[in-house]
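Encoded as structure tokens, the structure appears first; notes follow it.
None of these values were measured; they are calculated from a predicted model. Count residues from 1 along the sequence.
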Amino acid sequence: MASPSLMDTLFQRSLDDIIKGVRQQQSSTESIFISKVIEEIRREIKSTDLQTKSTALQKLTYLNSIHFIDMSWASFHAIECISSPTFSHKKIGYLAISQSFNESTPVILLISNQLRKDLKSSNEFEVSLALDCLSRIGTVDLCRDLTSEVFTLMSSSKVFVRKKGIGVVLRLFEKYPDAVRVCFKKLVESLEGSDSQIVSAVVGVFCELASKDSRSYLPLAPEFYRILVDSKNNWVLIKVLKIFAKLAPLEPRLAKRMVEPICDHMRKTGAKSLVFECIKTVVTSFTEYESAMKLAAAKIREFLMEDDPNLKYLGLHAVSIMAPKHLWAVLENKDVVIQSLSDEDPNIKLESLRLVMAMASESNLVETCRVLVNYALKSDPEFCNEILGSILSTCCRNVYDVIIDFDWYVSLLGEMSRIPNCSKGEEIENQLIDIGMRVKDVRPELVRVGRDLLIDPALLGNPFLHRLLSAAAWVCGEYVEFSRNPVELMEALLQPRTSLLPSSIRTVYMQSAFKVLIFCIHSYFLQKEEMTSEVSDLASKRECSESSDLATGKALVQSDQDEGFNPRESNQSYEDPCVVDTGVGQTSTPAFMEEKSFMHESIVNLLNLMELALGPLSGSLDVEIQERAWNVLGFIELVRQEFSNPLIRKEANLEREKVIASRVVEWVHDAFSEELGPVSVTAQDRVLIPDELVLKENLTDLDAICGGVELPSPGSFSLTSPYYGESAGFSVSNLQGEEDSEPSTESTSLLTEHQKRHGLYYLPSEKNKILANDYPPANDPSSGINTNDDTEDLVKLADQSLVSKRKPNHAKPRPMVVKLEGGDAAPVVSKKPELKDDLLSGAIRDVLLGNEAKAASSQSNPSDKSSSKRKGKAKHVILPDSKENLAVGEQPNHENPSSRRSQHRGHGKEKSKKSRGKKNGDGREDDGEKEREKIRDHHGRHKSRQRADAPINVVAQTPDIPDYL
């Protein structure tokens, strides 16, 4: 058995060999090389020689960290390595365990005894390995079993071990909150140590604990204040400042005491990290102190003037923290902020962009956006889209509250979409549709902008703008009554280049074209009705004139009748079909008759255009496109008879078809005329789920249903075989070219049958492939924009932000914006604290308030006199002085009545009288209270098991800060 191990050791490759071998491999052969190495490791790790086993485990750990190779199968071998007496083997094993073990690892409980053994070792480095491993993989069971060993190490004479033991306490408290009752008092006592390493470790632990529940650590404010004043360690001071930033909002008296030491540190220290932390603490928690804020603003100015980009970024970040409540600090540094837009560092540019948008207001929004769009034209694609995203998010905030002129903003959206690097099509789409539904007065301008986008063929080849084009098509179809030229809209919606669009966008184009057609035909029928009513009015007037003057007016009546019909007979010229007046009721009789002749011809042309464009799409492989095409073609066939030559048809059929067509058009037009409004994001949550409806939380049964079926490759459902695909940009030529190749009938029938059985699980999705675009890039908007002196313009605009918050007077009134009653923003769901956090906070409050003093003192060494002195001092400092806190667990008969009276001094005459009246009866009241406790305990003894299993509900109490404040 020894010879194979010896041979493995002699010819085993080391970690250096593996690293060199991986670096020499090409990308195509790297995976093959790693597979061979894994096979070698699997063979070597089974060796009985610990040197061979540890080397194999070391190589596996490296491959796991760099190439993410699974090493869970080697868990037991790692445990074997940490049991070795050799430190190098133990080190490799602990590293592998720390890297690969988690709470679900089956063999994790096997390391409990080995961890306990190493924690008690005399070798401080072995203890360090065990503590480091416990801090990373400690579970509830491990933390519970090893709490006593960690508590012992917190009092170790070796500083190296002691500070690591203090650091592991954070993991113990997180996983096993009951460890607070054992270790917390020792942790507090360590705050008074003289060793800076120990104090740094303790303050780091408290900083992490305070970030989760700050209120529990208010009684320790005196100790933190002492460290803030006396400590010379910058990193310790930074941690203490972070703690006070959490505690100051909870206790108003803290701020008055903390401001002066923090300002002293800002004035005297030369460490930039400490100065920045002081600035951050002041601007977040001490904003009501003007002198401190001015000092912080001066220090921020120094950061902004530094050449180091890191310090400059920190200065901009500090200004962004001050901006929401102290805009004057931004305006004082506006020149530096605006110049930073052209900085080389991308992080500095982003921070300066946020600050520029923070200075935007109703008075300077238009000019600010103009200058920022100029910056976007000259910037790289990434920062260009950051600028556009900032403009969009700022303008839509609070339901467009900052916008006065919506016509300008809609035109700005159209201008932004033409910027070459724009990829914010989805955001612009949402705002175009949202503004159209909320602001009625902007709809004419909205249709004009949508029309300009639709007629630009270069935008069709940009996949980032497909969603934007979808919004433009929807807007033009929904509000077509505001269009000056519906025929031009129809031609733009049906142009051949729309084959570049995905099917989901193309269906919106088809539906909008259908809306435009319905509007035109309905307008035509309305004009015919008005013409008929005018003719009947003329006839009634002529009858009246005949009856009044029959003798002398016969010739005049005859001439009037001839003149009434002359325009219809003689008018042979039509207006340009590309110019259509959609007005209704604009009428002297001859002009109206000419418009009727033009509308009849234009309607026929529209029907022919629709039939020519949608006819080939009726055979599309996409069911959405196919269905909409057939719907429109069926409607065209229904109304076409109305516009055919009336001389060919019989009179009875003509009248009947006219009635049917007009009714159908009227019904569809009424359906399309329904007003659409915004929908709250919480609307779906208000819909109650029926009791009979069972909704599945997951679709795991799909594997069993679809296991033997190969779904088609295109993004949306197709009627073809899985082996045939259709690109998103489907064109008529592609369809004609593919008609020769017929899909497999058998596979199509199987897929159709499967869809009928499990139609619920067939979900539509968009396609991704886009045809090539041979058009030139979108028209450059920079031609009409002055790009000079952008920085000076922004500096001038920033000065306007100092005006009062009153809305300025505008020549054009702000239109009404529809706002939902329940709010437009999604509700912010507050995250409930976890049960472990509640247990941890409750245990810490119990220890600090004193009712666990006995349990904690039993774990400490009673012979340590210095420790007892510190305990007495801590008890005197953190002793609460409210009746509610006294009722938690302290015994009132152990206190001196005079001290209790001194605590309640100043609470009012009534309270002082009550305290003097009850002074002599405390003993009897305590005895009666004990009797009542026994009775309640007797009646509730059978529920003790239930109460033990239930979570501990600790009432949040705010201990008073001592009188030094």
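Counting only distance, with no hydrogens or angles, the side chain of Asp407 and the backbone of Glu445 share no donor-acceptor pair below 3.5 Å. No donor-acceptor pair under 3.5 Å is formed between the side chain of Glu427 and the backbone N or O of Leu392. In this structure, Asn385 contributes its side chain and Pro381 its backbone to a donor-acceptor pair below 3.5 Å. A side-chain donor-acceptor contact under 3.5 Å links Asn485 to the backbone of Glu488. Proximity of a side-chain donor or acceptor of Ser512 to a complementary backbone N or O of Ala473 within less than 3.5 Å is detected. A side-chain donor-acceptor contact under 3.5 Å links Ser393 to the backbone of Ser390.
The distance from the CG atom of Leu633 to the CE atom of Met610 is 8.0 Å, given to the nearest 0.5 Å. Here the straight-line distance linking atom CZ of Phe519 with atom CG of Leu606 works out to 11.5 Å at 0.5 Å rounding.
With a 4.5 Å cut-off on side-chain heavy atoms, Val442 and Pro815 do not count as touching. Side-chain contact check for Phe514 versus Tyr509: every heavy-atom pair is 4.5 Å or farther apart. Using a 4.5 Å heavy-atom cutoff, the side chains of Met510 and Ile625 are in contact. The side-chain heavy atoms of Leu460 and Gln495, taken from C-beta on, include a pair separated by under 4.5 Å. Put simply, the side chain of Lys440 does not reach to within 4.5 Å of the side chain of Tyr479, judged on heavy atoms. Taking 4.5 Å as the limit, some side-chain heavy atom of Leu388 sits within range of a side-chain heavy atom of Cys384. Taking 4.5 Å as the limit, some side-chain heavy atom of Leu607 sits within range of a side-chain heavy atom of Val639. A 4.5 Å side-chain heavy-atom check between Asp405 and Tyr409 finds every atom pair outside the cut-off.
When all heavy atoms of Cys476 and Gly450 are compared, the closest pair comes out as SG-C, 3.6 Å. What you find for Ser417 and Leu453 is that their closest heavy atoms are OG-CD2, 3.3 Å. Contact record, Pro616 with Ala613: CD-O, 3.8 Å, taken as the closest heavy-atom pair. Smallest separation of non-hydrogen atoms from Leu500 and His466: O-CE1, 4.0 Å. Nearest approach of Pro457 to Arg497, heavy atoms of both residues: O-NH2, 3.9 Å. In terms of heavy atoms, Gln626 sits closest to Ser620 at NE2-O, 2.8 Å.
A salt bridge links Asp452 with Arg448: the closest approach of a Lys/Arg side-chain nitrogen to an acidic carboxylate oxygen falls below 4.0 angstrom. Look at Glu666 and Arg663 and you find no salt bridge, because none of the NZ, NE, NH1 or NH2 atoms lies under 4.0 Å from a carboxylate O.
Other residues, nucleotides and ligands place more than 12 heavy atoms under 6.0 Å from the CZ atom of Phe482. The environment of CH2 in Trp630 is sparse: at most 12 heavy-atom neighbours from other residues, nucleotides or ligands sit within 6.0 Å. Heavy atoms of other residues, nucleotides or ligands lying less than 6.0 angstrom from CD of Glu611 number more than 12.
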Open item on the list: Assess the residue pair Leu412 and Val373 against the criterion (side chain to side chain contact (heavy atoms under 4.5 Å, CB included)); give the C-alpha distance rounded to whole Å, side-chain angles, the decisive distance to 0.1 Å, and a yes or no.
Closed with: CA-CA 9 Å; Leu412 176 66; Val373 168; 4.0 Å; yes
- [ ] Would you please test Val366 and Ile404 for side chain to side chain contact (heavy atoms under 4.5 Å, CB included) and show each step?
- [x] CA-CA 10 Å; Val366 176; Ile404 299 298; over 6 Å; no
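In this pair, His669 and His522 present their aromatic rings parallel. The plane angle is below 30°, not in the 30 to 60° band.
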